[in-house]
Amino acid sequence: MRKLLVAVAIIAGAIYGYIKLSGTDSVAVDHPELEFVPADTVFLSAQLEPVDFVAYLNAFGLSPDYYSDASQQQLAELAANTDEPQLRFVLSLAGEYMRALAQPEQLEVVTGIKPQVRSLSYMVGLTPVMRIELANEDAFWQLFDRAEEASGISHQALPGEGGGFRSYPFSFGEFSAELLISVTDGWGNMALVLPTQSEQTRQLALLTAKPERSIISDNQLANIASDYNLNPNAIGFISFQQLVTGLTTTNGNRLANDIQLLASPQFNATMQPWLAAECQQDLTSITNSWPGMYFDSKITTKAGQQTHVRSKMLVPTSNNETITTLSSIRGFVPNHVAEGMNGSVLSFALGLDMAEFAPAITKIWRGLTQPAYQCPQLAQLQQQMQQANPMAMLAAGAMVHSIQGASVTINNLAMDPNTMQVSAVDAMISVTAKNARSYLEGLKAMVPGTAEITLPADGEELPLNSVLPMLDAFGVTPMLQVNDSHLVVYAGDKGTAQAKATLQQAIQKNGMLSFGMDYAQFFGMMTEAMQASGQPVPEELSSFSEMKMQVQANMDIDEQGVVVHSQMTMGEKE
């Protein structure tokens, strides 16, 4: 059962990653499919250049061997043991999908999905719509025929172009919904519609009508791609503007209309104060400054080769003062951590200019608490924030005012299975500070037991065992070096090379947060440690240790706002 849950979770993650992280370098916005996406959609994820879907999922770790007969049998047993036809329907579809992935060459035959596929997800008010390109329309319909036969659920046929539509009723406690399935111009379409939604919403979800304003009719998507330097053929966003409008107005967009049709009297009473003109004005000002979250990426995949994914996520703001203040606290990140994909098990770096940190946080806090909002709810929130004054916490930062950053890199870590003691270490720790040597000498006077330690001269190594004899018990001799910018502690060949390279770097504001991990190595190391200690290894852990995936993410502040650049490499090297 647990293995089944892991399989489902990984499938969901892979599909989400595929929708979010696929992309190309094209800059044209000429896809007719986008004409059906309303301009007031809260969410969009568009992959409109073909990607080898099977190669992508296999690279993600979803190889055919993973979908064993036993795993498929577990799904079948779950479906057979439930009295809920709706759940049997969903489990049947999941089983068919798993069967197709177990035989990648059968993906098109079993599901109808095009191997070189495009996809599109968006919202029409409260209705989620997902579209995926097909190679075999008959196979797509047969997929649902088999789910009906296995579950006992039947559909209602609806007339329309391209063979019409299917409607499947679903209920979730007090709520009910209608799953609509159709095929339009070679695309399989799925939408979940609520009974309270309007006929217009239903027609838009069925793609029998186009919105009066689409995501491309007024160049909205092109402007987003241009303004934020994103690829319009692999782009997505969550619109804070449309989300706030939907929650705090009665008819400001389709989301607001749908919420009003569904809302209880209690909800309307709670939201009534937000309808006041002063609140609408303040909320508009906030969302104009922070309009949303935007992302795009590029994926390179080919059967039999590694898959490479690069993505960008941006939370922009038009408040230049906020950007300037956030930029001031950027610190130092070692090159080998920022670049990532260096063969390390795990790497992490935090770059913060501590001399600027307290002034910047104080300035931001004052900016959040001092503006005179006219909206009573926002004014009350500001008053509550004023009581959480960060000054006391920031005062403790005076001792670390010279710090510019710190990092940890683990290249290898092994344990003796008999003693459970560390038997081998290849790692590196760094602390970067302005006038590091002088700062450390001053710090020694305030830390008990360190006054007698003599820091090594530039270029010299100090075995830490000589000042910390307890390290001898681990059979490891970490070394320490210091110059006027960095303190590094390291062991092992790679750790030594990384430490020496860091010592050569000049201090510069080059980042805020970097993280990298090799899934197979990290979870494999954890699995070995648990086995050595005699503990049972969860199936979930074993599954992750088989994933040939490396990830790297760097968060920073650029001229537009908070930005995260990430990359993934999946699959075996040739």
Side-chain angles (χ1 to χ4, degrees), residues 329-354 357 397 399-400 402-415 421-434 436 439-440 443 447 450 455 461-465 467-468 470-471 474-483 485-505 507-526 528-529 544 549-556 564-567:
I329 67 175
R330 298 174 69 237
F332 174 82
V333 174
N335 284 342
H336 75 275
V337 181
E339 293 170 359
M341 302 300 179
N342 51 32
S344 300
V345 177
L346 179 72
S347 61
F348 174 82
L350 181 64
L352 287 177
D353 185 339
M354 295 306 298
F357 186 74
M399 291 183 61
V400 293
S402 295
I403 301 298
Q404 298 289 298
S407 76
V408 177
T409 302
I410 300 174
N411 301 302
N412 185 37
L413 181 64
M415 302 185 72
Q421 297 290 335
V422 175
S423 60
V425 175
D426 191 315
M428 178 272 220
I429 299 172
S430 72
V431 177
T432 298
K434 292 180 179 179
Y439 175 72
L440 292 170
L443 197 61
V447 180
T450 62
L455 296 175
E461 295 180 320
L462 173 66
L464 280 184
N465 302 54
V467 294
L468 298 172
M470 70 283 295
L471 293 175
F474 297 101
V476 177
T477 305
M479 309 300 290
L480 179 147
Q481 281 199 58
V482 182
N483 64 16
S485 298
H486 311 283
L487 176 148
V488 294
V489 177
Y490 52 91
D493 294 340
K494 290 188 68 175
T496 299
Q498 292 161 347
K500 291 182 176 180
T502 300
L503 288 168
Q504 297 301 313
Q505 283 189 252
I507 296 180
Q508 55 181 322
K509 288 179 177 288
N510 63 352
M512 289 190 74
L513 180 68
S514 292
F515 172 81
M517 186 171 73
D518 184 308
Y519 270 60
Q521 289 194 72
F522 180 79
F523 289 104
M525 187 173 66
M526 292 184 63
E528 291 177 1
F544 284 128
M549 181 171 72
Q550 298 84 43
V551 298
Q552 176 69 28
N554 297 326
M555 187 183 79
D556 206 350
V564 177
H565 292 280
S566 59
Q567 57 178 317

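Note that the structure is predicted; figures quoted are calculated from it, not measured. Quick note: residue numbers are just sequence positions, from 1.
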First locate atom [atom1] of [X], then atom [atom2] of [Y], and finally report the distance between them rounded to the nearest 0.5 Å.
X: Met354; Y: Lys434; atom1: CE; atom2: NZ; result: 12.5 Å
X: His565; Y: Ser514; atom1: NE2; atom2: OG; result: 11.0 Å
X: Asn483; Y: Gln504; atom1: CG; atom2: CD; result: 8.0 Å
X: Asp493; Y: Gln498; atom1: CG; atom2: CD; result: 11.0 Å
X: Gln552; Y: Asp518; atom1: CD; atom2: CG; result: 12.0 Å
X: Met512; Y: Met555; atom1: CE; atom2: CE; result: 5.0 Å

Minimum heavy-atom separation for [X] to [Y], with atom names?
X: Asn411; Y: Ser344; result: OD1-OG, 2.8 Å
X: Thr409; Y: Val337; result: OG1-CG2, 3.7 Å
X: Gly495; Y: Tyr490; result: O-CB, 3.6 Å
X: Pro478; Y: Ala491; result: CA-CB, 4.3 Å
X: Asn554; Y: Phe515; result: OD1-N, 4.4 Å
X: Val345; Y: Phe522; result: CG1-CA, 3.6 Å

When you compare the side chain of [Y] with that of [X], does any pair of heavy atoms fall below 4.5 Å?
X: Leu480; Y: Leu487; result: yes
X: Gln505; Y: Pro334; result: yes
X: Asp353; Y: Lys509; result: yes
X: Tyr439; Y: Ile403; result: yes

Do Asn412 and Asp426 pair up side chain to side chain, a donor and an acceptor below 3.5 Å, judged on atom types alone?
no
Taking the side chain from Asn465 and the backbone from Val476, do they hold a donor-acceptor pair closer than 3.5 Å?
yes
Kindly say whether Gln550 contributes a backbone atom to a donor-acceptor pair with the side chain of Gln521 at under 3.5 angstrom?
no
Other residues, nucleotides and ligands only: do more than 12 of their heavy atoms fall within 6.0 Å of OH on Tyr519?
no
Begin from the C-alpha positions of Thr502 and Met428 and carry the test side chain to side chain contact (heavy atoms under 4.5 Å, CB included) through to its verdict.
CA-CA 10 Å; Thr502 300; Met428 178 272 220; 3.1 Å; yes
